[in-house]
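The block underneath contains the structure these notes are about, expressed in structure tokens.
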Amino acid sequence: MAELHFFTGTMDSGKSTLALQTNHNHAARGRVGRIFTTHDRSGTATVSSRLGLTHEALEVESDFDFWRYVVDTLTRGGRIDYLICDEAQFYSADQIDQLAKIVDELQIDVFAFGILTDFRSILFPGSARLVELADRMNVLQVEALCWCGKRATHNARTENGAMVVEGEVIVVGDVEQADEPPADVAYEVLCRQHFRRRLTADRAKAVSLAPEPLPFG
């Protein structure tokens, strides 16, 4: 029986790497699939892993219809055994419903990968619908870490190193690297404590380097 799988975790937990590995494993067994993504960090219709792995993909625009695409492909004599859907948090609730229909009506496996919440700690519509509909929900076991060393649970957006909680939900960026200067807009994973305190790695470093006040007398 086909199933709708949802793999989730914070940024930098290996979702895109797992998506590419899943595709490789199924293709190696002679199965034929399609890979989809949207708003990938590369800026192109490509599934890209931070480990350097990439694979061409089909871009999911806001008006893309998964059901129509699959039915049209099958009608023309094409073959589809499974779908890989990366960055699924950005899909609409209707598009997730289409994926569920593909599983139920056409018996095609769907493997969706995405983060649960945005930089405001609010569920993405696509992820919320996947939680509601998925046959299997899998939390990735590769733990991303906050700068303090604790397990990261929240995705934070930074501007010049300072955390922000307002603005457009979709702004493509990448996770900050410790050996690179901060970007104008970037993303960072934090534990809940430091997300609540808005204490990013840059801010924590600035606080630790601040001179202590001189004693009186």
Is a donor on one side and an acceptor on the other found under 3.5 Å between the side chain of [X] and the backbone of [Y]?
X: Asp81; Y: Val32; value: yes
X: Ser127; Y: Ile115; value: yes
X: Trp147; Y: Ala204; value: no
X: Glu87; Y: Thr37; value: no
X: Thr153; Y: Arg192; value: yes
X: Arg136; Y: Glu3; value: no
X: Glu188; Y: Ala201; value: yes
X: Glu105; Y: Ile102; value: no

Identified side chain to side chain contact (heavy atoms under 4.5 Å, CB included) partner of Val110 from the options Leu130, Asp135, Val103: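 The residue from Leu130, Asp135, Val103 that satisfies side chain to side chain contact (heavy atoms under 4.5 Å, CB included) with Val110 turns out to be Val103.
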Sequence-distant partners of Arg34, salt bridge (Lys or Arg N to Asp or Glu O under 4.0 Å), two or more places apart: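 Salt bridge (Lys or Arg N to Asp or Glu O under 4.0 Å) check on Arg34 returns nothing, list empty.
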Leu133 versus Ala100, closest heavy-atom pair with distance: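 Reported closest heavy-atom pair: CD1-CB, 4.1 Å.
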Step-by-step side chain to side chain contact (heavy atoms under 4.5 Å, CB included) determination, Thr8 to Met137: CA-CA 8 Å; Thr8 187; Met137 180 173 168; 3.8 Å; yes
Aromatic centroids of Tyr187 and Phe119 separated by under 6.0 Å: no
Non-neighbouring partners of Phe36 that pass ring-ring contact (aromatic ring centres under 6.0 Å, His included), sequence neighbours left out: Phe64, Phe66, Tyr69
Test item: side-chain donor near acceptor, Glu61 and Thr38, under 3.5 Å: no
Any side-chain donor near an acceptor of the partner, Asp94 and Gln98, under 3.5 Å: no
Whether His5 and Phe111 hold their rings parallel, tilted or perpendicular, with breakpoints at 30° and 60°: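 Geometry flag for Phe111 against His5: parallel rings.
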Salt bridge Lys15-Asp86, side-chain N to carboxylate O under 4.0 Å: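 The answer is no: the pair does not qualify as a salt bridge.
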Salt-bridge contact Asp109-Arg31 (side-chain N to carboxylate O under 4.0 Å): yes
side-chain hydrogen bond (donor to acceptor under 3.5 Å, both in side chains) against Arg197, all qualifying residues, sequence neighbours excluded: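 Partners of Arg197 under the side-chain hydrogen bond (donor to acceptor under 3.5 Å, both in side chains) test: none.
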